[in-house]
Participant: 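The structure under discussion is supplied below as structure tokens; questions concerning it will follow.
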Amino acid sequence: MKKLLIIGAGTAGTMMLNKLHRTLPAKEWEITIVDKDLLHYYQPGFLFIPFGIYKPEQVVKSKEEFFPKEATAIWDEVSQVIPEKNEVRLASGKVLAYDVLIIASGTTPRPAETPGLNGNLWYKDIFDFYSYEGSTLLAKKLEDWQGGRLVINLAETLIKCPVAPLEFAFLADAYFTNKGMRDKVEILYVTPLSGAFTKPVATEVLSGLLDKKKIQVIPDFYLERVDEERKEIVSYDEQRVPFDLLVSVPVNMGADFVEESNMGDDDDLNFIPTNKHTLQAKEFDNIFVIGDATNVPTSKAGSVAHFMAETLQENVLNYIEEKPLEASFDGHANCFIETGFGKATLIDFNYDTEPLPGKYPLPVFGPMNLLKESRLNHAGKLMFRWIYWHRLLTGKELPVSSNMSNAGKEKQHRPHEDPVVV
Amino acid sequence: MTETMNTNSIIEMSSEGYLKDPMQWTPEVAHTIAKEEGIELTDLHFKVLLYLREQFLNDVRLSIRRIGKSGIVTIKEFYSLFPGGPLKKSSRIAGIPKPASCV
């Protein structure tokens, strides 16, 4: 029997387990999945918990519920991958051998990377919302909060679900408005990038939302530390932003075993160098990487993992059959962006094409609107939780194409881009 | 938007002032853009710019953090070389695309 091992039973790992279980011949291949945590969290739901839109119990289920019956699951933490020996070591001391390894170990927020962030104020006046614990405790905090300066800060540019902090700002505006206390809350969005929006067309179409909702943006702020005494975030160039309540998106890092195995890239964030089209690890032929664990230049998001899974399934089969890795991932991502008051917008993009206005998934008919606020988009976002639990995790086909399509998008006329003589 | 005549070559810029084709970059182009940013380029600036270009051409997504790990400059030094928004300014001067999020 040959062995295929999957590290990580999150969105990407669970999808791959289901897809490969259906396609690899059971007589020849034994498939094993290893994960340290028994619970599967619907992570897009974390955004809604602080505002009481979702209850915590709506976003958590048992991981095993989504595994094929015959699959072998090992509940243990991976401590090291040794590619030269085709072995994975576990915290318990057990060693697993593999012929093909799929790494789907994701990314997690690491508040300890920033001095002062998870010190005395952590979960008192500083919260994250990318974790079950953080979003649940923040919900309690917001219930009783009397108002003041709410600062939303991104510690790094490379974070999971890059639009979620912006959605948090929009939902916070709606939440405090509905509570009749919006005039008591100042909302600041502090980002290391040049603005809340950075792509030209999205900026043109969506940046008005920030003014409308009175969300102040402080750009080019790269967090060095938190001054706990003064309750200020401090940047590397000594800009200081005071807060009463800090909602932080901490530095995101891949799994610790990546560092232990010396497999990460030069950012030292434990993301694995991966061929951005084939999804094969750059240094190891029989290792493939999917989802947030890769270093490919697209968003770290569930939709990306979903689109990658199609490519990876084909390429794992190609690899096993000693064929060229012909399936090619194009960087496709699409994300709903909640804008508050029952509306959302939608973006669709890939490595080469920025988010553009238009219709999705069908040209003209849509029914979703790209780069435009609508109630239908919001309904789509909420409906997606059902699709996630019932279709996506178990690797069933969804009626959307893996590779991005330009068919429903409006052509952009960009009058300002004239050649310049230097 | 740049409108300086030095070498009479046509350089296409995006509406935000970034080179459309990174391969059109030359040290002269860097000097011209740097002047607009109010920066006088030194050898250390060029070491950073060449590092950025090399990383970009290898498909690496750039961040302030990575430059701090490059061994060329610390993050504080990077800020003093390109004050204000160091990554966006250095990217513009290095002739590579604007650092951006997905939207």
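Order of the sequence lines sets the chain letters (A, B, ...), proteins ahead of strands, with each chain counted from 1. Note that the coordinates shown come from a computational prediction; the quantities given were computed from them, not determined experimentally.
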Participant: Given the options K76(B), K88(B), R65(B), which has more heavy-atom pairs under 4.5 Å with chain A than any of the others?
Facilitator: R65(B)
Participant: Let's test your reading of the structure: which of T203(A), D265(A), N295(A) forms the most heavy-atom pairs below 4.5 Å with chain B?
Facilitator: D265(A)
Participant: Pick from L269(A), L206(A), L158(A): which one has the most heavy-atom pairs with chain B under 4.5 Å?
Facilitator: L269(A)
Participant: Taking NZ, NE, NH1 and NH2 as the nitrogens, is one of them in R61(B) or D267(A) under 4.0 Å from a carboxylate oxygen of the other?
Facilitator: no
Participant: Look at E37(B) together with R92(B) and state whether they make a salt bridge at an N to O cut-off of under 4.0 Å.
Facilitator: yes
Participant: Under a 4.5 Å cutoff for heavy-atom pairs, which residue among D266(A), I347(A), T157(A), T191(A) has the most contacts with chain B?
Facilitator: D266(A)
Participant: Check the side chains of H45(B) and T42(B) for a donor-acceptor pair under 3.5 angstrom, ignoring hydrogens and angles.
Facilitator: yes
Participant: Taking every non-hydrogen pair under 4.5 Å, which of Y222(A), Y351(A), F349(A) racks up the most with chain B?
Facilitator: Y222(A)
Participant: Heavy-atom distances under 4.5 Å only: say whether Q239(A) touches chain B with side chain, backbone, both or neither.
Facilitator: neither
Participant: Less than 4.5 Å to any heavy atom of chain B: does that hold for the side chain of V251(A), its backbone, both, or neither?
Facilitator: side chain
Participant: With a 4.5 Å cut-off on heavy-atom pairs, point out which of I337(A), L371(A), D268(A) contacts chain B the most.
Facilitator: D268(A)
Participant: A quick test of your reading: do over 12 heavy atoms of other residues, nucleotides or ligands sit less than 6.0 Å from NZ of K372(A)?
Facilitator: no
Participant: Does D330(A) reach the side chain of T298(A), with side-chain heavy atoms less than 4.5 Å apart?
Facilitator: no
Participant: Should E167(A) and K343(A) count as an ion pair when the cut-off is N to O under 4.0 Å?
Facilitator: no
